[in-house]
Amino acid sequence: TRAAPRPSERLMPASAMAGRIACEESFMRSRTVAPRSYGNWGRLVQRLAALMFAAMMSGPVAAQDRVQERPIRIVAFGDSLMAGYQLAMKDAFPAKLESALKAKGLDVQVANAGVSGDTSSGGLSRLDWSVPDGTDAVIVELGANDMLRGIDPKVTRAALEQIVGKLKQRGIEVMLCGMLAAPNYGEAYAKEFNAIYPELASANNLVFYPFFLDGIAADAKLNQRDGLHPTEAGVDTIVTRITPKVEELIARIRAKRGNR
């Protein structure tokens with residue numbers, strides 16, 4: 001008889017083992033002995049091996065399906081513009097963005113990690129505990145308070161670079177929202193400050209939204225009395241304009257999940 005098949009061979013139908021012919025002197029003629037096989041036990045072994053193979057193949061697929069089905073978790077990380085200064089939490093940017101995305105059939109969760117008065121350096125100092133494990137993407141909106149306080153653009157750039165670098169090291173997708181310097185800070189300051197965002201986005205292949213306040217800046221109807229923070233209607237305008245870029249961010253997350 002031939003040796004028992006190796007595990008890989010059990011995935012194929014077992015071939016009949018060669019029969020033997022026994023010649024005995026007491027018989028006038030030789031007779032053929034029926035071929036031997038594993039019979040029912042052999043078929044059981046084959047079926048078990050096939051089931052094990054199927055389980056091995058379906059395991060990673062099932063795990064990948066669970067990753068794909070998990071809601072996309074986004075952290076909105078910024079200052080008072082993100083936090084929703086003087087607004088109810090349901091009217092702040094993160095909540096309204098989540099609602100807009102869900103209305104498009106997207107299973108997302110957008111956490112509000114905005115802190116009023118925060119600078120880029122302040123954001124860097126709290127980054128690790130503001131962005132929990134399991135986060136898929138972070139929308140970074142920082143720098144407005146740096147500009148209002150006249151902080152050296154080099155300091156702002158260095159802090160934002162470190163924020164982006166830390167998030168990328170954790171495998172988290174980043175969307176960067178730009179800010180523009182007010183004209184009264186002078187041309188030289190504005191030129192250096194405004195260049196931070198597009199250059200940082202380009203260098204790190206980030207999803208980029210050039211100006212977070214696009215469409216509402218200097219519009220009294222869409223800003224609160226301080227002229228700096230959006231009203232509920234102003235937040236609606238921001239959400240409408242920024243949503244296509246957030247959808248681009250989500251597409252990157254889905255592509256990454258599909259490659260796992």
Side-chain angles (χ1 to χ4, degrees), residues 67-68 70-79 81-84 92-114 118 120 123-124 127-128 130-144 146-147 156-180 193-217 230 234-260:
V67 171
Q68 290 283 13
R70 178 172 63 80
I72 292 172
R73 296 167 184 165
I74 300 174
V75 171
F77 185 72
D79 49 37
L81 298 175
M82 193 68 79
F93 172 80
K96 283 184 172 287
L97 176 63
E98 180 178 303
S99 296
L101 295 171
K102 285 184 173 179
K104 290 177 170 285
L106 298 170
D107 189 8
V108 297
Q109 297 173 352
V110 183
N112 190 335
D118 219 357
S120 55
L124 174 61
L127 179 67
D128 292 340
S130 294
V131 180
D133 291 340
T135 297
D136 294 300
V138 173
I139 300 174
V140 178
E141 175 277 310
L142 285 167
D146 297 57
M147 179 265 297
T156 303
R157 179 187 288 269
L160 290 173
E161 284 178 341
Q162 290 183 68
I163 289 172
V164 170
K166 284 191 169 187
L167 292 173
K168 287 175 71 70
Q169 285 178 358
R170 293 174 59 185
I172 297 173
E173 289 291 334
V174 180
M175 174 174 166
L176 183 63
C177 298
M179 187 54 59
L180 297 175
F193 180 87
N194 295 348
I196 294 172
Y197 300 91
E199 291 176 2
L200 188 58
S202 178
N204 292 276
N205 190 30
L206 308 180
V207 176
F208 180 50
Y209 188 67
F211 183 37
F212 187 73
L213 298 176
D214 183 44
I216 74 162
V235 173
D236 286 335
T237 298
I238 294 172
V239 168
T240 298
R241 288 174 176 259
I242 205 172
T243 293
K245 281 295 181 180
V246 180
E247 289 179 298
E248 182 181 332
L249 180 69
I250 291 171
R252 289 193 180 191
I253 296 167
R254 283 178 164 172
K256 181 185 292 185
R257 286 184 178 184
N259 290 331
R260 287 179 180 175

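Note that the coordinates shown come from a computational prediction; the quantities given were computed from them, not determined experimentally. Along the sequence shown, residues carry numbers from 1.
Contact detail for Asp146 and Ser120: the closest heavy-atom pair is OD2-OG, 2.6 Å. The two residues Ile216 and Gly234 come nearest to each other via the heavy atoms CG2-O, 3.7 Å. Of all heavy-atom pairs spanning Asp79 and Ala144, the tightest one is OD2-CB, 3.9 Å. Ala92 approaches Val235 most closely through the heavy-atom pair C-CG1, 4.0 Å. Heavy-atom minimum distance, Gly123 versus Leu142: CA-CD1, 4.0 Å. Taking all atoms of both residues into account, the shortest heavy-atom contact from Leu81 to Phe93 is O-CB, 4.3 Å.
The shortest distance between side-chain heavy atoms of Asp128 and Lys166 falls below 4.5 Å. Side-chain contact between Leu249 and Ile139: present, with at least one pair of heavy atoms (C-beta onward) separated by less than 4.5 Å. For the pair Lys96 and Asp236, the minimum side-chain heavy-atom distance is below 4.5 Å. Between Phe208 and Pro198, some side-chain heavy-atom pair lies under the 4.5 Å cut-off. Met82 places none of its side-chain heavy atoms less than 4.5 Å from the side chain of Asp118. Put simply, the side chain of Ile242 reaches to within 4.5 Å of the side chain of Cys177, judged on heavy atoms. Contact of the Ile238 side chain with the Leu213 side chain is registered, since non-hydrogen atoms from C-beta on lie closer than 4.5 Å.
In this structure, Leu160 CG and Met179 CE are separated by 11.0 Å, a value rounded to the nearest 0.5 Å. Atom CZ in Phe211 sits 9.0 Å away from atom CG in Asn194 (nearest 0.5 Å). With rounding to the nearest 0.5 angstrom, the CZ atom of Arg73 is 12.0 Å from the CD1 atom of Ile172. A distance of 11.5 Å separates CG of Leu167 from CD of Gln162, quoted to the nearest 0.5 Å. The line from CD1 of Ile250 to CD1 of Ile74 is 4.5 Å long, rounded to the nearest 0.5 Å. Considering CG of Leu206 and CG of Leu176, their distance stands at 6.0 Å, rounded to 0.5 Å.
Without hydrogens or angle criteria, Glu141 side chain to Gly78 main chain gives no donor-acceptor distance under 3.5 Å. A donor-acceptor pair is defined here as one N or O able to donate and one able to accept, closer than 3.5 Å; such a pair exists between the side chain of Arg170 and the backbone of Val131. Remark: the backbone N or O of Gly171 is paired with a side-chain donor or acceptor of Lys256 at under 3.5 angstrom. Put simply, the side chain of Arg252 never gets that close to the backbone of Ala137: no donor and acceptor are under 3.5 Å apart.
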Could you go through the side-chain contact (heavy atoms from CB on, under 4.5 Å) check for Leu106 and Arg254 one step at a time?
-> CA-CA 11 Å; Leu106 298 170; Arg254 283 178 164 172; 3.4 Å; yes
Step by step, work out the side-chain contact (heavy atoms from CB on, under 4.5 Å) result for Leu200 and Glu161.
-> CA-CA 7 Å; Leu200 188 58; Glu161 284 178 341; 3.4 Å; yes
Given side-chain contact (heavy atoms from CB on, under 4.5 Å), test Thr156 with Met147 step by step and report yes or no.
-> CA-CA 9 Å; Thr156 303; Met147 179 265 297; over 6 Å; no
With side-chain contact (heavy atoms from CB on, under 4.5 Å) as the test, would you mind laying out the steps for Val164 and Val140 before giving the verdict?
-> CA-CA 9 Å; Val164 170; Val140 178; 5.5 Å; no
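Under the salt bridge (Lys or Arg N to Asp or Glu O under 4.0 Å) criterion, the residue pairs touching residues 198-215 are Arg157-Glu199, Asp214-Arg241, with sequence neighbours excluded. Here salt bridge (Lys or Arg N to Asp or Glu O under 4.0 Å) pairs that include residues 200-211, with residues two or more places apart or in two chains, number zero.
Shown here are the side chain to side chain contact (heavy atoms under 4.5 Å, CB included) partners of Ala111, two or more places apart in sequence or in another chain: Val75.
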